[in-house]
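Order of the sequence lines fixes the chain letters, A, B, ..., with proteins taken first and strands second; residue numbering starts at 1 for each chain. Keep in mind it's a predicted model, so treat the numbers as computed, not measured.
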Number of protein chains: 2
Amino acid sequence: MATRTGQDGLSRERIVEAAIAMLDDGGESALTFRALSTRLKTGPGAIYWHVANKEELLAAAVQATLADVLRSDEADTTPRDAVRALALGMFDAIDRHPWIGGQLAGLASRSASMRIIERLGQQVQALGMPHHHQFFATSTLFSFILGVAGQNAANARARVAGKSRAELLGAEAAVWASLDPAEFPFLRGVAGQLGDHDDREQFLVGIDLILAGIGAAR
Amino acid sequence: MATRTGQDGLSRERIVEAAIAMLDDGGESALTFRALSTRLKTGPGAIYWHVANKEELLAAAVQATLADVLRSDEADTTPRDAVRALALGMFDAIDRHPWIGGQLAGLASRSASMRIIERLGQQVQALGMPHHHQFFATSTLFSFILGVAGQNAANARARVAGKSRAELLGAEAAVWASLDPAEFPFLRGVAGQLGDHDDREQFLVGIDLILAGIGAAR
DNA sequence: ACCTGAACACCGTTCAAGT
DNA sequence: ACCTGAACACCGTTCAAGT
């Protein structure tokens, strides 16, 4: 009867924790109920006592992963800096856990999405956007974040299947550099920038561009 | 020997066409090699003679679906209108085939993505953006489009599983309207706008916002 | 050259049976 | 109350065998 305390019993918390660890190092395809139950030294059926199904498990993993970002508070900064801080918090979480990008748009992440949109919206409001444009401006910020997250998730999937980020980026830059200049003048011209850009900086430039647009529309 | 002409033989073209039809009315989960081969009156193995695997099939479906958008030409308009036209073309294609949103970020859609980025980039260049900012500005437009596409795909997944777009949107708006006003002042305030907004208009506002930001940064 | 269909190695999920 | 593990109804993919 000594085994009922501490780490021994299965719990929703332990399951979610293990799921996140598996997602982090094997991507979404690595998370199966069989592999998960092996890691937790149980049968696949046991997990269903604590979690309704895989969708709920993924939702809980997203929630747990985004919890600190959503807990952060930038009360005493400008609206602009608050948006940047929140967006960068999202970026860093997505960078650490790229599988989030494949989940964030879905129904499973609804409550996390709502909190993010709320926070963005409050700052857009504080920026002085007219009321009837606040919703669209906030959606634009959110959609952009979602798009970057999705690309991150796709890149991570490719990475799991093979090479590193630097290798993939270098290969892609080489492809761009060797394109037909008549058909792809732009891609050829920016191939160098693709090769050595910083994802985080690129993300922040996008946020700033949208903020500049909001400033102009105000 | 009369059967070798016309529609009778299996072909990559017929397979992709059937795949698109299945994706359109059942979503990504409806496309299986078994269901596809049943529809084409063959065995699952037959498809592999024409298509390497599911990833390649999805890539071909994306390519075929986006072909007309990529063929369109807005030579004699302003750069701004060209971006808007291209973006709206993408939106309409994604609206008709929402499963694209789940594919566009992936490696399978690389060549389609390259063409889109090329077209966007040429217009960003024409807008007078300094060279070293063109790549980031173009990426911002592309990421935003990707984000909207991803949301569309997620919404369509929910729709296949149950109710219509209007019902889902109405239910979500009702949830927003009933949130705690202390915790979610913004969402509560825009619940009405969520309920009856037009997705296409919202998308275009986002594009315009980014274009305004590009204009300000020029 | 192209197609057939059984077989392999997986999935998520359920559920009678145990403790 | 919680866990076990076999079983069900699927997947994508392969491949010997056919025509």
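- Partners of B:Arg34 according to the salt bridge (charged side-chain N to carboxylate O under 4.0 Å, His left out) rule, which considers only residues two or more places apart in sequence or in another chain, do not exist here.
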For residues 185-194 of chain A, run the donor-acceptor check on the side chains, cut-off 3.5 Å, and write out each pair with its distance to 0.1 Å, sequence neighbours left out.
from, atom 1, to, atom 2, distance (Å)
A:Arg188, NH1, A:Ala177, O, 3.3
A:Arg188, NH1, A:Leu179, O, 2.9

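- Screening residues 37-64 of chain A for salt bridge (charged side-chain N to carboxylate O under 4.0 Å, His left out) gives A:Arg12-A:Glu56 as the qualifying pairs, with residues at least two apart or on separate chains.
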Taking Watson-Crick (N1-N3 plus N6-O4 or O6-N4) and G-U wobble (N1-O2, O6-N3), each under 3.5 Å, can you produce the dot-bracket string of DNA chain D? Use [ ] for crossing pairs and | for inter-strand ones.
||.|||||...|||||.||
Pairs of donor and acceptor atoms involving the side chains of residues 15-26 of chain B, under 3.5 Å and at least two apart or interchain, shall be tabulated with distances.
from, atom 1, to, atom 2, distance (Å)
B:Asp24, OD1, B:His97, ND1, 2.7
B:Asp24, OD1, B:Trp99, NE1, 2.7
B:Asp24, OD2, B:His97, ND1, 3.0

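- With a 4.5 Å cut-off on side-chain heavy atoms, B:Leu57 and B:Leu36 count as touching.
- Note: CG (B:Leu10) to P (C:dG5) measures 14 Å, nearest angstrom.
- Listed by chain and residue number, B:Phe203 satisfy the ring-ring contact (aromatic ring centres under 6.0 Å, His included) test with B:Phe91 (two or more places apart in sequence, or in another chain).
- Remark: A:His197 pairs with B:Phe135 by the ring-ring contact (aromatic ring centres under 6.0 Å, His included) rule, at least two apart or across chains.
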Determine all donor-acceptor pairs shorter than 3.5 Å in which one atom belongs to a side chain in residues 100-111 of chain A; sequence neighbours excluded.
from, atom 1, to, atom 2, distance (Å)
A:Gln103, NE2, A:Glu28, OE1, 3.4
A:Ser109, OG, A:Gln103, O, 2.9
A:Arg110, NH1, B:Glu172, OE1, 2.7
A:Ser111, OG, A:Gln63, NE2, 3.1

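- Applying the ring-ring contact (aromatic ring centres under 6.0 Å, His included) rule to pairs touching residues 20-61 of chain B yields B:Phe33-B:Tyr48, sequence neighbours excluded.
- For D:dA1, neither phosphate oxygen OP1 nor OP2 lies less than 4.0 angstrom from any side-chain nitrogen or oxygen of A:His50.
- Sorted by residue number, the members of residues 23-38 of chain B with any non-hydrogen atom under 4.0 Å from DNA chain C read B:Arg34.
- Tested against B:Gln202 for a side chain to side chain contact (heavy atoms under 4.5 Å, CB included), the candidates B:Asp198, B:Leu204, B:Asp199 yield a single pass: B:Asp199.
- Contacts with DNA chain D (heavy atom under 4.0 Å) in residues 52-64 of chain B: B:Asn53, B:Lys54, listed by number.
- Nearest heavy-atom pair, B:Gly27 versus B:Val160, reported as atom, atom and distance to 0.1 Å: N-CG2, 4.3 Å.
- To the nearest 0.5 Å, atom CZ of residue B:Phe144 and atom OG of residue A:Ser139 are 8.5 Å apart.
- Contact between A:Arg119 and A:Val69 at its shortest, heavy atoms only, is NH1-O, 4.0 Å.
- DNA chain D is contacted by B:Gly45, B:Tyr48 of residues 39-49 of chain B, taking any non-hydrogen atom closer than 4.0 Å.
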